[in-house]
Protein chains: 2
Amino acid sequence: MEVKDKHIVSMMRHQGHKITPQRRAILNVIARSDGHLTPAALYQRVKQRYPRIGLVTVYRTLDLLAGLGLICRVHTDGGCRNYLLRRPEEHHHHLICSGCAKVVDLADCNMAAEAARISGKTGFEIERHLVEFIGRCSHCRQMALAKGF
Amino acid sequence: MEVKDKHIVSMMRHQGHKITPQRRAILNVIARSDGHLTPAALYQRVKQRYPRIGLVTVYRTLDLLAGLGLICRVHTDGGCRNYLLRRPEEHHHHLICSGCAKVVDLADCNMAAEAARISGKTGFEIERHLVEFIGRCSHCRQMALAKGF
DNA sequence: CTGCAAATGAAATTAATTTTCAATAAGTGA
DNA sequence: TCACTTATTGAAAATTAATTTCATTTGCAG
Ligand SMILES: [Mn+2]
Ligand SMILES: [Mn+2]
Ligand SMILES: [Zn+2]
Ligand SMILES: [Zn+2]
């Protein structure tokens with residue numbers, strides 16, 4: 001995480017963006033979170049470390065990081081709040097627990113063939129894709145069982 | 001579309017929901033639209049036929065229809081506005097043009113094996129999934145070409 | 001250091017969605 | 001057909017999310 005932060009920081013500087021303590025704080029929170037965060041949730045956490053920060057800065061930083069491809073979004077059903085997410089370097093899919101909202105990254109994508117097929121069938125030039133599986137993690141299933149369904 | 005409307009109406013009545021002219025109007029608009037609509041866009045179109053309708057009614061009807069599984073949502077990048085969508089009966093995927101936002105339904109889903117594999121690997125009980133391909137339709141590609149990239 | 005463009009944050013603004021509540025109307029059953 | 005009951009409607013207010021403005025601050029190149 002230390003290393004990754006440095007990597008990100010150097011990448012940002014390289015693209016002409018300034019490194020501010022606010023951005024550092026936001027990056028730290030994102031880096032140490034293992035799930036997804038709404039802008040508001042992120043703001044709450046960042047404020048503990050950096051109380052003076054404004055929510056606007058969070059939004060702006062998120063836009064920036066998303067633009068640089070350093071973070072990505074998840075779109076969940078049920079209230080389309082756009083969630084935030086720490087992004088592994090490579091393309092991946094998501095497995096989301098409908099009970100506790102835990103998110104598991106699925107690294108192995110084999111949609112290439114499917115994409116090619118669809119491209120051939122529709123004439124689209126496929127740029128990217130989004131795959132989310134929604135289900136119940138074993139922990140949540142056991143909870144449900146314990147409470148008699 | 002006539003037929004489908006009737007089917008939906010009878011299903012709603014069967015579940016104890018009343019059929020109001022507002023709901024009819026909304027259903028008609030959804031049925032004759034071939035793409036996705038935001039609540040606001042839907043509202044605009046419905047008002048032409050039924051000027052007295054309120055936006056609230058649109059939201060409520062959308063919630064109702066979504067709850068009944070008669071429509072579904074699409075989650076697009078870039079402003080997580082939750083789009084609305086006419087729903088074929090069966091599960092399907094989406095192919096979205098990043099140029100003109102046209103949406104193509106992809107009926108043939110063969111994610112079952114993948115879901116089973118993931119389930120086995122992670123202990124999740126997979127409930128459903130969401131697949132979206134994003135790309136450029138041929139029309140938009142030609143536009144781009146005409147303008148010299 | 002200095003200077004300047006980039007970045008910040010308070011506040012106002014816009015936009016989307018939900019809640020409230022009194023009035024209305026759909027469907028039911030006499 | 002005629003109430004009657006209850007779901008539904010819609011205006012308005014209230015929430016909530018996100019963006020814009022703009023004066024002030026600050027990172028960092030020179
Ligand atoms: Mn991920
Ligand atoms: Mn569809
Ligand atoms: Zn993939
Ligand atoms: Zn599928």
Side-chain angles (χ1 to χ4, degrees), chain A residues 5-6 8-29 36-68 70-71 73-84, chain B residues 6 8-27 29 36-68 70-71 73-84:
Chain A
D5 277 15
K6 265 182 192 149
I8 291 177
V9 163
S10 81
M11 163 176 278
M12 287 180 61
R13 239 196 273 269
H14 198 261
Q15 310 226 359
H17 300 284
K18 294 180 177 175
I19 307 302
T20 65
Q22 291 93 332
R23 286 176 176 175
R24 272 185 198 286
I26 291 171
L27 272 169
N28 279 332
V29 170
H36 299 118
L37 298 167
T38 59
L42 183 53
Y43 174 59
Q44 289 307 326
R45 297 202 196 180
V46 171
K47 255 205 312 196
Q48 294 174 354
R49 293 273 166 185
Y50 198 101
R52 295 183 29 83
I53 200 170
L55 178 55
V56 224
T57 299
V58 172
Y59 275 104
R60 284 191 282 229
T61 302
L62 292 179
D63 283 351
L64 175 67
L65 295 175
L68 294 175
L70 296 171
I71 58 175
R73 297 178 170 194
V74 206
H75 303 266
T76 69
D77 277 8
C80 182
R81 291 68 184 23
N82 73 68
Y83 283 8
L84 233 226
Chain B
K6 263 180 193 151
I8 291 178
V9 164
S10 83
M11 163 176 277
M12 287 180 61
R13 240 196 274 270
H14 198 261
Q15 309 227 0
H17 300 283
K18 294 180 176 174
I19 306 301
T20 65
Q22 291 92 332
R23 285 176 177 174
R24 272 185 198 285
I26 291 171
L27 272 170
V29 170
H36 299 117
L37 298 168
T38 57
L42 183 52
Y43 175 57
Q44 289 308 325
R45 298 203 195 179
V46 171
K47 255 204 312 196
Q48 294 175 354
R49 293 272 166 187
Y50 198 101
R52 292 185 30 83
I53 200 169
L55 179 54
V56 225
T57 300
V58 171
Y59 275 103
R60 284 191 283 230
T61 303
L62 292 179
D63 283 351
L64 175 67
L65 295 176
L68 293 175
L70 296 172
I71 58 174
R73 295 178 173 195
V74 206
H75 302 266
T76 67
D77 277 7
C80 183
R81 292 70 185 15
N82 73 66
Y83 283 10
L84 232 227

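Reminder, nothing fancy here: chain letters follow the sequence lines and each chain counts from 1. Keep in mind that the numbers below use all heavy atoms, side chains included, and drop hydrogens, waters and symmetry copies. This one's a predicted model, so the numbers in the text were calculated from it and none came from an experiment.
- Both B:Ala40 and A:Tyr50 lie close to DNA chain C; mapped to their nearest nucleotides by heavy-atom distance, the more 5′-ward contact belongs to A:Tyr50.
- Between A:Ile8 and A:Leu68, the closest side-chain pair of non-hydrogen atoms is not below 4.5 Å.
- One atom, NE2 of B:His14, and another, P of C:dA26, lie 22 Å apart when rounded to the nearest Å.
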Considering only nitrogen or oxygen atoms on both sides, find all protein atoms under 3.5 Å from nucleotides 27-30 of chain C and state each distance.
| from | atom 1 | to | atom 2 | distance (Å) |
| --- | --- | --- | --- | --- |
| C:dG27 | OP1 | B:Arg13 | NH1 | 3.0 |
| C:dG27 | OP1 | B:Ile19 | N | 2.8 |

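- Nearest to the side-chain atoms of A:Arg23 among the listed nucleotides C:dG9, D:dT9, C:dA7 stands C:dA7.
- When rounded to the nearest whole Å, the span between CZ of B:Arg52 and P of D:dA11 equals 7 Å.
- Annotation: the terminal axes of the helix from C:dC1-D:dG30 to C:dA30-D:dT1 meet at 40°, where each axis is the rotation carrying the C1' atoms of four end pairs onto the next four (5 pairs per end, rounded to 10°).
- A:Asn28 has its side chain out of reach of A:Arg49: every pair of non-hydrogen atoms, C-beta onward, lies at least 4.5 Å apart.
- Looking only at side-chain heavy atoms (C-beta outward), A:Gln22 and A:Thr61 stay at 4.5 Å or farther from each other.
- Looking at B:Thr20 and B:Thr57, their side chains never come closer than 4.5 Å, going by heavy atoms from C-beta outward.
- The main-chain N or O of A:Ile19 is never found under 3.5 Å from a side-chain atom of A:Arg13 such that the two would form a donor-acceptor pair.
- In this structure, A:Ile26 places its CD1 atom 8 Å from P of C:dG9, rounding to the nearest Å.
- Which of C:dT20, C:dG9, C:dA16 sits closest to the side chain of B:Arg60 comes down to C:dT20.
- Between A:Tyr43 atom OH and C:dA10 atom C1' the separation is 10 Å, expressed in whole Å.
- The two residues A:Tyr43 and A:Val58 make their nearest non-hydrogen contact at CD1-CG2, 3.9 Å.
- Computed from coordinates, the B:Gln22 CD to C:dA25 P distance equals 9 Å when rounded to whole Å.
- The distance from atom CG of A:Leu55 to atom P of C:dT13 is 18 Å, rounded to the nearest whole Å.
- How far CE of A:Met11 is from CG of A:Leu70: 5.5 Å, rounded to the nearest 0.5 Å.
- The separation between B:Met12 atom CE and D:dA7 atom P is 14 Å, rounded to whole Å.
- Residue B:Gln44 contributes atom CD, which lies 11 Å from atom P of C:dA16 at whole-angstrom precision.
- Residues B:Arg23 and B:Met12 approach most closely at CD-CE, 4.0 Å, considering heavy atoms.
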Strictly under 3.5 Å: I want the nitrogen or oxygen pairs between protein and nucleotides 23-25 of chain D, one per line.
none

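- In this structure, B:Ile53 reaches the sugar-phosphate backbone alone: every heavy-atom distance under 4.0 Å involves primed, P, OP1 or OP2 atoms, never a base.
- When all heavy atoms are compared, the tightest approach of A:Val46 to A:Ala25 is CG1-CB, 3.9 Å.
- Among all heavy-atom pairs drawn from A:Leu55 and A:Pro39, the shortest one is CD1-O, 4.3 Å.
- Contact detail for B:Leu42 and B:Leu37: the closest heavy-atom pair is CD1-CD1, 3.8 Å.
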